[in-house]
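Reminder, nothing fancy here: chain letters follow the sequence lines and each chain counts from 1. Values below: all heavy atoms of this structure, side chains included; hydrogens, waters and symmetry mates excluded.
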Protein chains: 2
Amino acid sequence: MAAEPTADGVERGEGLFVASVERTMRVLEAVAANQAPIGLTEIAAATGFGKSAVQRLTHTLTSVGYLEKDPATRRYRMTVRALDLAHGFLVTDPLINEGLLHLIDASERCGETVNMGKLEGTDFIYVARLPAHRMNVAAALIGRRQPAYCASGGRAIMSLLPRQEVEALLDARPLRALTPLTTTDRGRILEIVEQARLEGFCATNQEVLLGELAVSAPISDQFGRPVGAVQSSVSTASWTLEAVREKLAPQVMEAARLISRPRLAKR
Amino acid sequence: MAAEPTADGVERGEGLFVASVERTMRVLEAVAANQAPIGLTEIAAATGFGKSAVQRLTHTLTSVGYLEKDPATRRYRMTVRALDLAHGFLVTDPLINEGLLHLIDASERCGETVNMGKLEGTDFIYVARLPAHRMNVAAALIGRRQPAYCASGGRAIMSLLPRQEVEALLDARPLRALTPLTTTDRGRILEIVEQARLEGFCATNQEVLLGELAVSAPISDQFGRPVGAVQSSVSTASWTLEAVREKLAPQVMEAARLISRPRLAKR
DNA sequence: GTCATTGTATCGCTGACCGATACTTGTTAT
DNA sequence: ATAACAAGTATCGGTCAGCGATACAATGAC
């Protein structure tokens with residue numbers, strides 16, 4: 001009865017695994033993943049749990065303060081308590097601690113939206129955002145995810161990963177186009193990543209969101225491994241890809257360089 | 001066997017309450033509340049659960065990806081997954097959706113750190129932050145809590161609450177001084193709140209953090225109930241309390257006014 | 001109105017989880 | 001070095017928390 005590896009990669013069995021904990025988190029995820037309040041049956045469908053189980057879990061999560069039920073619609077949403085957990089992460093994450101100051105500097109220097117993010121699974125996820133001009137609000141939030149293969153931040157990070165890991169990332173999920181301009185050709189993405197490795201940054205043209213240009217540079221630890229990326233996104237209304245490469249890329253690279261740990265000498 | 005209310009306000013019993021869910025969240029809270037990675041025994045102490053239970057819970061939370069164990073120190077910390085939950089909250093919260101644009105405007109207009117927060121329990125908690133100059137990083141994070149009675153944001157919100165609720169807030173916890181300048185006199189705080197009600201804003205002088213001046217204005221819904229506050233914090237190195245009241249307060253009030261829902265006519 | 005759908009309440013059975021405890025590893029003191 | 005201690009890990013049998021089924025109630029769609 002040893003460690004039966006299961007389809008989804010989470011190792012159950014093993015004696016110490018508490019199923020209710022997993023169910024709890026899955027329900028929270030289902031609620032959080034929805035852009036709007038979500039009903040009982042929808043949660044059941046999203047998680048695959050029975051209605052009874054979901055009923056108990058949401059009830060409890062509500063009474064401990066993490067979910068909130070709109071009495072009129074009977075739909076659930078996350079509460080501000082989620083920010084307590086997020087705060088716990090932000091406070092202990094070295095990238096935030098060491099990077100935020102430089103990020104603020106960069107933001108003031110270039111006067112545009114500057115962000116920081118890291119790789120989580122196959123996604124690039126924003127961990128710090130300093131929006132400059134009015135912009136799409138939903139797009140400006142911490143915790144937003146973008147597929148690594150098409151986000152400039154994701155590609156920048158990949159540029160410091162060994163080829164093998166990059167390929168694994170690209171194979172891990174279908175390469176779908178988010179906009180008509182998204183590059184979905186595996187070989188072409190590998191070329192872009194390679195170019196990013198040579199240039200030290202990666203600029204993209206509306207591959208995630210129409211009207212948005214983005215440029216990123218990777219942040220590395222003392223071993224040269226990427227731990228995140230500095231990213232800046234601007235509107236096509238006031239920028240061209242060329243201007244981004246010339247004006248913004250150096251700023252982003254400089255910020256990333258300052259945040260990166262100096263590389264240890266090989267011994 | 002109806003709804004035995006328990007000491008901490010959380011209603012257990014009641015058939016639908018799942019104890020493991022509560023335990024799960026308590027463990028996450030214990031980890032998140034720590035400013036640094038935390039060990040098994042410390043979690044057990046913080047939560048009051050047995051070591052075995054904590055062992056199982058942390059094990060499971062780790063394997064589903066919300067906690068991370070440093071293999072060297074065997075201590076746990078939150079992972080970036082916490083941001084997924086936070087993102088779920090931010091996306092559905094109307095205050096964020098309607099407020100962030102105005103907040104960005106205000107930030108550009110006054111060139112100083114501008115924040116938004118809401119009341120949660122007896123704390124003022126930041127839900128959006130736009131840091132301007134280099135500043136204390138830990139102080140600049142989303143999810144940071146401050147006691148409502150001494151934070152300018154908390155007082156601004158209280159200024160729109162009925163007297164009775166304000167008093168309840170002040171009685172709910174001991175009024176401790178966070179700095180030598182913190183007002184801890186209950187009567188004096190009530191006066192300050194009253195003054196905020198008359199002026200439409202509340203400015204404080206280093207009552208939470210030495211070197212930090214803050215000014216806030218409340219955001220209200222269509223019934224005139226406060227739902228949050230716009231706040232700006234600046235350094236004593238470049239500002240005086242007077243300058244804050246004259247220059248910054250109007251900006252903050254304007255932003256709060258724009259975010260607030262127009263008050264419905266009484267019928 | 002009727003019907004379909006979603007949310008709520010109840011209940012008895014059972015295996016997942018609990019707590020105790022023994023073991024291992026790492027750290028501190030002498 | 002070695003002991004003494006603390007922190008973390010592994011194991012196990014008994015039992016009651018929580019599971020699923022199902023019946024009931026409330027919405028709202030038509």
In whole angstrom, give the distance that lies between atom [atom1] of [X] and atom [atom2] of [N].
X       : N      : atom1 : atom2 : answer
B:Leu40 : D:dA6  : CG    : C1'   : 12 Å
B:Phe49 : C:dA20 : CZ    : P     : 15 Å
B:Gln55 : D:dA7  : CD    : C1'   : 11 Å
A:Lys69 : D:dT27 : NZ    : C1'   : 14 Å
B:Ile43 : D:dT9  : CD1   : P     : 11 Å
B:Leu16 : D:dA21 : CG    : P     : 17 Å
B:Phe17 : D:dC19 : CZ    : C1'   : 17 Å
B:Glu22 : D:dG18 : CD    : P     : 10 Å

**Asked** What closest approach, in Å, do B:Ala148 and B:Leu119 show between heavy atoms, and which atom pair accounts for it?
**Response** CB-CD1, 3.7 Å
**Complete:** For A:Ile96 and B:Val137, the nearest pair of non-hydrogen atoms, with its separation, is O-CG1, 4.0 Å
**No-H, no-angle donor-acceptor pair, B:Thr41 side chain to D:dA6 base, under 3.5 Å** = no
**Message:** B:Glu42 vs B:Tyr76, test: side-chain hydrogen bond (donor to acceptor under 3.5 Å, both in side chains). Steps then yes/no.
**Reply:** CA-CA 10 Å; B:Glu42 291 168 82; B:Tyr76 294 89; over 6 Å; no
Any idea which of [options] is nearest the [X] side chain?
X       : options               : value
B:Arg23 : D:dT9, C:dC17, C:dT8  : C:dC17
A:Lys51 : C:dT8, D:dT9, C:dA9   : C:dT8
A:Arg74 : D:dT9, D:dA26, C:dC17 : D:dA26

**Message:** If you assign each of A:Val21 and A:Arg56 to its closest nucleotide in DNA chain C, which residue comes earlier from the 5' end?
**Reply:** A:Arg56
**Asked** Where each residue is assigned the nucleotide of DNA chain C containing its nearest heavy atom, which of A:Glu42 and A:Val18 is assigned the position nearer the 5′ end?
**Response** A:Glu42
**Request:** Identify whether any heavy atom of B:Gly39 sits under 4.0 Å from a base atom; if not, whether one sits that close to sugar-phosphate; answer base, sugar-phosphate or nothing.
**Result:** sugar-phosphate
**Item:** Lys/Arg N to Asp/Glu carboxylate O, B:Asp84 vs A:Arg144, below 4.0 Å
**Value:** no
**Message:** Regarding B:Thr47 and B:Arg26, do their side chains bring together a donor and an acceptor under 3.5 Å, going by distance alone?
**Reply:** no
**Request:** Could you pick out which residue, A:Ala53 or B:Arg75, lies toward the 5' side of DNA chain D when each is mapped onto its nearest nucleotide?
**Result:** B:Arg75
**Item:** N/O (side chain, A:Ser20) to phosphate O (OP1/OP2, C:dC17) under 4.0 Å
**Value:** yes
